[in-house]
Q: 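One structure follows; several queries about it will come next.
Throughout, a chain's letter reflects where its sequence line sits, starting with A, and its residues are numbered from 1. Predicted model only: the values in this text are computed from it and were never measured.
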Protein chains: 2
Amino acid sequence: MVQNKAAPFEAALKDAGLRITRQRKAILEVLAAAEDHPDAPELVRRAGKIEPSVSLATVYRTMTVLEEKGVIHRHQFDGESARFETANAPHHDHMIDLDSGQVIEFRSDKIEQLQREIARELGYELVGHKLELYGRRR
Amino acid sequence: MVQNKAAPFEAALKDAGLRITRQRKAILEVLAAAEDHPDAPELVRRAGKIEPSVSLATVYRTMTVLEEKGVIHRHQFDGESARFETANAPHHDHMIDLDSGQVIEFRSDKIEQLQREIARELGYELVGHKLELYGRRR
DNA sequence: GTGCAAATGAGAATGATTTGCAATAAAGAA
DNA sequence: TTCTTTATTGCAAATCATTCTCATTTGCAC
């Protein structure tokens, strides 16, 4: 049997007392399958193939709700509009290819550790962080 | 004699073949004196005390020009509107106090170094980066 | 002082995201 | 299944930050 990758997200919605609508199902399915970091119009495009009635407003509304529930992450790379990705993958940061716009994920435990140390030194408890590297292929 | 902190920025304008107008003078003076990271409306407010004719459009236009010349930095913290700071201080990153919105500057050579290494490992030349820590006072 | 391109203010335009509202449709109850 | 309640939706209008248009002003080189 085919395993539905979107199932855990639907469960999260249900747990939060939210309804699982056709459009949310479609959006989550698309997001769960995405290898990249699509923005809102792109989600409308992709989800529209499954459920044509998905509107831009609903995508934004859904992203807001899911972000509050911690189910997805919203990224705002430099001048671009917001992009989204599911939050099920282990934590990582992003490197943005300045020429292609492509986003590469990476993770550095050392940097994570240093960040926590720096926050503590400054008298703060680290709640979140944003690390983006911008570069060009060499 | 009182040293004009804005002088180097005016020089940069002149070098770039740009005109030193009353409004630019006022904006630069305010930015050079700022201990914080003001946004555009705040710059209008402060510069307006020196030169009342400073408009929002001019602040944005000036910030764009100065950013291109590398004289100032533009920051886009989480959901907020853009904030600015002069680029004369040595490079640093930012820690944002989630409760007060206050911005604390810090610098970590180790992290800078690690970032460069990571970029190289990924096959990229690091052109720029953005590191923001979000935390709460402990 | 003159002349002219650069710069400005005011307000219109833009683009991304949000919101109001009437219509629709989940999901539990009957 | 059908009924009821109320969350969710699409559409279009509204926001918000930022940029642009254009007529007018003003640095500044001569």
Side-chain angles (χ1 to χ4, degrees), chain A residues 6-7 9-30 37-45 47-48 50-69 71-84 101, chain B residues 6 9-30 37-45 47-69 71-84 101:
Chain A
F9 304 118
E10 293 181 16
L13 283 181
K14 184 155 272 174
D15 287 350
L18 297 170
R19 291 180 184 173
I20 298 175
T21 64
R22 273 173 296 130
Q23 4 318 60
R24 283 178 178 168
K25 242 187 164 71
I27 295 170
L28 284 172
E29 212 164 299
V30 163
H37 300 68
D39 62 5
E42 180 61 24
L43 284 175
V44 171
R45 233 166 279 133
I50 302 172
E51 169 54 54
S53 75
V54 175
S55 72
L56 193 56
T58 290
V59 165
Y60 275 117
R61 272 189 290 236
T62 301
M63 291 302 100
T64 300
V65 170
L66 294 181
E67 190 181 19
E68 283 166 0
K69 299 304 172 194
V71 174
I72 61 116
H73 289 312
R74 175 192 306 253
H75 299 296
Q76 188 85 32
F77 300 129
D78 259 0
E80 317 182 354
S81 47
R83 294 180 180 214
F84 308 91
Chain B
F9 304 117
E10 291 181 16
L13 283 182
K14 183 156 273 175
D15 288 350
L18 298 171
R19 291 182 183 171
I20 298 174
T21 64
R22 273 172 297 131
Q23 356 331 53
R24 283 178 177 170
K25 242 188 164 70
I27 295 170
L28 284 172
E29 212 164 298
V30 162
H37 301 67
D39 61 6
E42 179 61 23
L43 285 176
V44 171
R45 233 167 278 132
K49 289 180 184 168
I50 301 170
E51 169 54 53
S53 75
V54 175
S55 72
L56 193 55
T58 290
V59 165
Y60 276 116
R61 272 190 289 236
T62 301
M63 291 302 101
T64 299
V65 170
L66 294 181
E67 191 182 17
E68 282 166 1
K69 299 304 173 195
V71 173
I72 60 117
H73 289 312
R74 176 193 304 254
H75 299 297
Q76 187 85 35
F77 299 131
D78 259 1
E80 318 182 352
S81 47
R83 296 180 180 214
F84 308 91

Q: Using whole Å, report how far CG of B:L56 lies from P of C:dA12.
A: 15 Å
Q: Given atom CG of B:L13 and atom C1' of C:dA6, what is their separation to the nearest angstrom?
A: 13 Å
Q: For A:S81, check side-chain hydrogen bond (donor to acceptor under 3.5 Å, both in side chains) against everything at least two apart and list the hits.
A: none
Q: Can you name the side-chain contact (heavy atoms from CB on, under 4.5 Å) partners of A:A40, sequence neighbours left out?
A: A:L56, A:V59, A:Y60, A:F84
Q: Can you name the residues that form a side-chain hydrogen bond (donor to acceptor under 3.5 Å, both in side chains) with B:H37, not counting sequence neighbours?
A: B:E85, B:H94, B:E105
Q: Rounded to the Å, how far apart are A:R24 CZ and C:dA25 P?
A: 15 Å
Q: Can you sort out the partners of A:R45 under salt bridge (Lys or Arg N to Asp or Glu O under 4.0 Å), two or more places apart, ordered by chain and number?
A: A:E42
Q: Hey, could you give me each pair passing salt bridge (Lys or Arg N to Asp or Glu O under 4.0 Å) that has a residue in residues 73-83 of chain A? Not counting sequence neighbours.
A: A:E67-A:R74, A:D78-B:K130, A:E80-A:R83
Q: How are the rings of A:H73 and A:H75 set to each other: parallel, tilted or perpendicular (split at 30° and 60°)?
A: tilted
Q: Taking atom C1' of D:dA7 as reference, at what distance in whole Å does atom NZ of A:K69 sit?
A: 13 Å
Q: Taking for each residue the nucleotide of DNA chain D bearing the nearest heavy atom, is the 5' side occupied by B:Q76 or by A:T62?
A: A:T62
Q: Please state how far atom CG in B:D78 lies from atom C1' in D:dA17, giving the value in whole angstrom units.
A: 16 Å
Q: For nucleotides 20-30 of chain D, read 5' to 3', which letter fits each nucleotide if B means a protein heavy atom sits under 4.0 Å from the base, S means only the sugar-phosphate is that close, and - means neither?
A: BB----BBS--
Q: Tell me: CD of B:E80 to P of D:dT15, nearest whole Å?
A: 22 Å
Q: Let me know the distance between CG of A:D39 and P of C:dA16, rounded to the nearest Å.
A: 9 Å
Q: Contact class for A:A82 vs. all strands (heavy atom < 4.0 Å): base, sugar-phosphate, or nothing?
A: sugar-phosphate
